[in-house]
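One structure below.
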Amino acid sequence: MGFKHLFKAEVKWESNENELNPKNHEITIEGKPKLSVSAAKAFKGDAKLYNPEDMLLSSLVSCHMMSYFYVCSQNGIEVVTYSDNAEAILEVEFNGSGRFTEVRLNPKVTIANPDKIQLALELHKKANQLCFIANSCNFPVLHNPTCEVV
């Protein structure tokens, strides 16, 4: 095993009779702004706030992008723009339990060198192998990348 890093988060919730939504809470990470969170709208949460499902998908999208930037830099690919419209499928059982069964990333990348389009597309597989969050998931993280040149 290589290096170990410790990450911490604190959640706070308290009963408040005046609260419009009793599922709202705050997550604090030292030195960063508080994050207001609720359940997903489908689970009677506040639709204006982030929810755990949003954050899991956001973590995957962000981690994949940063891993992709890393492997592109190793291969001399200049990424000019990067966007992704990712989707996650959550299946909920009748007993209330559930799990994500699949995440589909749809990265759209613009690069500077037309000779490296194929390599840029292939590097999404390598980025997925390096992605800390994808490596921690028990469901498939699929990729449908596209690549264009400036």
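No experiment lies behind these values; they were computed from the predicted model shown.
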Ile117 and Glu148, any side-chain heavy atoms less than 4.5 Å apart: no

Please test Val71 against Leu130 for side chain to side chain contact (heavy atoms under 4.5 Å, CB included), starting from the C-alpha separation and ending with a verdict. CA-CA 9 Å; Val71 295; Leu130 296 177; 3.5 Å; yes

I'd like to check Met65 versus Tyr82 (side-chain heavy atoms, cut-off strictly below 4.5 Å). Are they in contact? yes

Is the shortest distance from a Lys or Arg side-chain nitrogen in Lys12 or Glu10 to a carboxylate oxygen in the other one below 4.0 Å? yes

Decide if atom CD of Gln74 counts as having more than 12 heavy atoms of other residues, nucleotides or ligands within a radius under 6.0 Å. yes

Are any non-hydrogen side-chain atoms of Phe100 and Ile89 less than 4.5 angstrom apart? no

Report the C-alpha separation of Leu35 and Met55 in whole Å, then their side-chain angles, then the decisive distance to 0.1 Å, and conclude whether the side chain to side chain contact (heavy atoms under 4.5 Å, CB included) test is met. CA-CA 11 Å; Leu35 188 58; Met55 292 189 290; 3.3 Å; yes

Are side-chain heavy atoms of Phe43 and Lys41 found at a separation under 4.5 Å? no

Side chains of Leu105 and Leu142 in contact at under 4.5 Å (non-hydrogen atoms): no

Which heavy atom in Val37 sits nearest to a heavy atom in Asn51, and how many Å separate them? CG1-CA, 4.1 Å

To the nearest 0.5 Å, atom CG of Leu90 lies from atom CZ of Arg99 at 10.0 Å

Non-hydrogen atoms of Ala127 and His64 that approach each other most closely: CB-CE1, 3.7 Å

Do Trp13 and Lys23 come close enough that some side-chain heavy atom pair is under 4.5 Å? no

Could you tell me which non-hydrogen atom of Asn75 sits nearest to which non-hydrogen atom of Lys116, and how far apart they are? O-NZ, 3.0 Å

Gap separating the CG atom of Leu123 from the CG atom of Leu119, nearest 0.5 angstrom: 4.0 Å

Distance in Å, His25 NE2 paired with Ile27 CD1, rounded so as to fall on 0.5 Å steps: 4.5 Å

So does Ala134 get a backbone contact from the side chain of Asn128, meaning a donor-acceptor N/O pair under 3.5 Å? no

Please indicate whether Asn113 has more than 12 foreign heavy atoms, meaning atoms of other residues, nucleotides or ligands, lying under 6.0 Å from its CG. yes

Compare all side-chain heavy atoms of Ser97 with those of Val92 and state whether any distance is below 4.5 angstrom. no

Does any part of the side chain of Leu57, heavy atoms only, come nearer than 4.5 Å to the side chain of Val103, both counted from C-beta? yes

Determine, stepwise, if the pair Thr110 / Val79 fulfils side chain to side chain contact (heavy atoms under 4.5 Å, CB included). CA-CA 6 Å; Thr110 305; Val79 178; over 6 Å; no

SG on Cys147 to NE2 on His124, rounded to 0.5 Å: 7.0 Å

All heavy atoms of Ala112 vs all of Val149, minimum pair found to be O-CG1, 3.8 Å

Once rounded to the nearest 0.5 Å, what's the spacing between atom CE of Met66 and atom CD1 of Ile133? 8.5 Å

Value for OH (Tyr50) from OG (Ser38), rounded to nearest 0.5 Å, stands at 13.5 Å

When you measure from the side chain of Ser62 to the backbone of Ser59, do you find a donor-acceptor pair of N or O atoms at a distance under 3.5 Å? no

Please name the pair of heavy atoms, one in Ile111 and one in Ala120, separated by the smallest distance, quoted to 0.1 Å. CD1-CB, 4.1 Å

Output yes when Arg104 and Glu87 qualify as a salt bridge under the 4.0 Å nitrogen-oxygen rule, no when they do not. no

Show the nearest heavy-atom pair for residues Asn106 and Asn144, with the distance to one decimal. OD1-CB, 3.3 Å

